[in-house]
Enquirer: 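Attaching a single structure in structure tokens format; questions to follow.
A note on names: the letters A, B, ... follow the listed sequences, proteins ahead of strands, and every chain is numbered from 1. All values reported here derive from a predicted model rather than from experimental measurement.
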2 protein chains.
Amino acid sequence: MQAPTSPVSRRERPTKPPLSKEAVVDVAIALMRAEGLDRVTMRRVAAALDTGPASIYVYVASTVALHAEVLDRVVADLAVPEGGAWQDRVQQLLHAYGALLDTHRGLARSALVVRPTGPAMLGLFDALLGLLLEGGVEPGRGSWCVDLLLLVVTAAAAEHAEPGRDDVDAPGEPGDGLAAVRAGIAASGPDRLPHLAAHADVALSGTPWQRAGWQVQAILAGAARSPLPETEVRP
Amino acid sequence: MQAPTSPVSRRERPTKPPLSKEAVVDVAIALMRAEGLDRVTMRRVAAALDTGPASIYVYVASTVALHAEVLDRVVADLAVPEGGAWQDRVQQLLHAYGALLDTHRGLARSALVVRPTGPAMLGLFDALLGLLLEGGVEPGRGSWCVDLLLLVVTAAAAEHAEPGRDDVDAPGEPGDGLAAVRAGIAASGPDRLPHLAAHADVALSGTPWQRAGWQVQAILAGAARSPLPETEVRP
DNA sequence: ACCTGAACACCGTTCAAGT
DNA sequence: ACCTGAACACCGTTCAAGT
């Protein structure tokens, strides 16, 4: 059921490959689409390029740097929505970003951890900040708000990607976070978890995306009402 | 500069160790305090207990399960604040949780990824939910809000833990996210990142904790004003 | 029945040696 | 000068064999 070792093998490129940062990231993305980002390792990328792992370090500083590069390349495909109210455009852009993370296995988890600084990611940040400014949000608030919005969407995507890792889905197995929580509540009992036990149904309701949608709304609603702390600029 | 292979070696326990889930987690925590959670591996825990890695799998299902167990044990030390307004108590409890994540190297990053379901973590969730209910927040909103609050604090702790991994600190080095962002903005230029370039100072201001503090306030402010979507309970 | 030695199948990263 | 083979120092997990 598993493909042979090199999904991008010399069969696809009979001539010697040119070897460049671009080529490395290309191969990494192909590998990710085929098997998920956590199988995109220095050694596998090197193997797909018919060379040793040391060669990759000429173009990319580390494995996490490679993963960050992949994320940035993928994010570069996002387009800023044009029509409609600024809140709707924020929601559309965040939705598109979430969908992007969702279609590339393992990418969301990585994005949750890396704090990416590539040009495309900064472009996304800038676009969202622009929309908030358009909505009259003050720049300092706006930046922190964008931070938070991206975090929420990324976390939702990572959570949504949780269950079946390779298989279709494994109900009740480890990885089924919802069932684990339900079991945990039952195990502790209503004495130790009075509020959770009383409201378990509503507390565990909704998909990660529904939750994220509400959270985004709540953040936007709250941002306009919360003043910044004193410390605003640091030298 | 590096300690010998087993920080918890047979020198500390000259007699045969009893071997139990408790003992395994104890050793894991000791190892984490000494070297950080990402050095808490099955093999090292096994070595510290003078046995082979296979033995650990009798008590813990996997490495991430072990890390989750460590988190839960550490969180169990949190106490719910008693006096004051509910908002202040929420903030105090979140602050304590953040400080906890902050004092154990590598723990925040792990917490960001695992979605823990241990009794202590559920207890923290329950306590926060209780405080929101006390503040008149509706249970469904409250649960999603607690989710978001914990996410924000965890992400702040993970970000704060970024810079010097082993060394004191390495300014300008990879890992200095702030400098990387600044460099990225400069590299793209004000044409491609108009809003970020215009507001770079204020956008990059504040520590992760200051940012998280504001975000928590904004979330609490927004939660009271955002209605739930239609889907509330699922069977 | 319960535990574990040894093996399998991988990793990231470095550096001395080659072209 | 630039690239990389080979080595170093690890991993998680499994399973057949031991007690």
Enquirer: Does the B:Ser188 side chain pair with the main chain of B:Ile185, one donor and one acceptor, at a distance under 3.5 Å?
Expert: no
Enquirer: Whenever both distances are under 3.5 Å in a Watson-Crick or G-U wobble pair, mark it; put DNA chain D into dot-bracket that way, with [ ] for crossing pairs and | when the partner is on another strand.
Expert: ||.|||||...|||||.||
Enquirer: Could you give the CZ-to-P distance, from B:Arg43 to D:dT14, as a whole number of Å?
Expert: 13 Å
Enquirer: Both A:Ser55 and B:Val64 contact DNA chain D. Which one's nearest nucleotide lies toward the 5' end?
Expert: A:Ser55
Enquirer: Hey, does the side chain of B:Thr63 come within less than 4.0 Å of D:dG12's phosphate (OP1/OP2), counting only N and O?
Expert: yes
Enquirer: Roughly how far, to the nearest 0.5 Å, is the CZ atom of A:Arg211 from the CG atom of A:Leu204?
Expert: 8.5 Å
Enquirer: Under 4.0 Å from OP1 or OP2 of D:dC11: is there any side-chain N or O of B:Arg44 that close?
Expert: yes
Enquirer: D:dC10, C:dT4, C:dG12: which one has an atom nearest the side-chain heavy atoms of B:Arg39?
Expert: D:dC10
Enquirer: Within this structure, what is the CG-to-P distance between B:Leu66 and D:dT13, rounded to whole angstrom?
Expert: 10 Å
Enquirer: Tell me, with the steps shown, if B:Val60 and B:Val45 meet side chain to side chain contact (heavy atoms under 4.5 Å, CB included).
Expert: CA-CA 11 Å; B:Val60 174; B:Val45 168; over 6 Å; no
Enquirer: Would you mind reading off the distance between B:Tyr57 atom OH and C:dA7 atom P, rounded to a whole angstrom?
Expert: 18 Å
Enquirer: Quickly work out the A:Ile56 CD1 to D:dT4 P distance and round it to whole Å.
Expert: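 Going from CD1 in A:Ile56 over to P in D:dT4 covers 9 Å.
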Enquirer: When rounded to the nearest 0.5 angstrom, what is the spacing between OG1 in B:Thr154 and CG in B:Leu94?
Expert: 9.0 Å
Enquirer: Measure the CZ-CE distance between A:Arg44 and A:Met32 for me, rounded to the nearest 0.5 Å.
Expert: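 One gets 14.0 Å once the value is rounded to the nearest 0.5 Å.
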Enquirer: For B:Leu49 and C:dT4, what is the distance between atoms CG and C1' respectively, to the nearest whole Å?
Expert: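 In whole Å, C:dT4 C1' lies 13 Å from B:Leu49 CG.
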Enquirer: What are the two closest heavy atoms between A:Ala28 and A:Leu66, and how far apart are they?
Expert: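 That closest heavy-atom pairing would be CB-CD1, 3.9 Å.
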Enquirer: Taking the side chain as C-beta and beyond, is there a heavy-atom pair between B:Gln215 and A:Asp147 under 4.5 Å?
Expert: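 Yes; the side chains approach each other to less than 4.5 Å.
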Enquirer: Can you name the atoms? Protein N/O to nucleotides 16-19 of chain D N/O, anything below 3.5 Å, with the distance.
Expert:
none

Enquirer: Tell me the interatomic distance from B:Glu35, atom CD, to D:dC10, atom P, rounded to whole angstroms.
Expert: 10 Å
Enquirer: When the distance from CG of A:Leu19 to P of D:dT4 is rounded to whole Å, what number comes out?
Expert: 6 Å
Enquirer: Could you tell me the separation between the CE atom of B:Met42 and the P atom of C:dA6, rounded to a whole number of Å?
Expert: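 Interatomic distance, CE of B:Met42 to P of C:dA6: 20 Å.
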Enquirer: Would you say a side-chain N or O of A:Thr41 is under 4.0 Å from OP1 or OP2 of C:dC11?
Expert: yes
Enquirer: Once you round to the nearest 0.5 Å, how far does OG of B:Ser143 lie from CG of B:Leu148?
Expert: 12.5 Å
Enquirer: Side chain of A:Pro53 only, please: which of D:dC11, D:dC15, C:dT13 is the nearest?
Expert: C:dT13
Enquirer: Distance-only, no hydrogens or angles: does the A:His67 side chain make a donor-acceptor pair with backbone N or O of A:Val40 under 3.5 Å?
Expert: yes
Enquirer: Look at the side chain of A:Ser62 and decide which nucleotide, out of C:dT13, D:dT13, C:dT4, has an atom nearest to it.
Expert: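 Between C:dT13, D:dT13, C:dT4, the one nearest the side chain of A:Ser62 would be C:dT13.
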Enquirer: Rounded to the nearest 0.5 Å, how far apart are CG of B:Leu107 and CG of B:Asp102?
Expert: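 It comes to 10.0 Å.
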Enquirer: Does a nitrogen or oxygen in the side chain of A:Tyr59 sit under 4.0 Å from OP1 or OP2 of D:dC3?
Expert: yes
Enquirer: What nucleotide among D:dC15, D:dT13, D:dA6 has an atom nearest to a side-chain atom of A:Ala54?
Expert: D:dA6
Enquirer: Please state the P separation for the pair C:dC8 and D:dA9 - nearest whole angstrom.
Expert: 22 Å
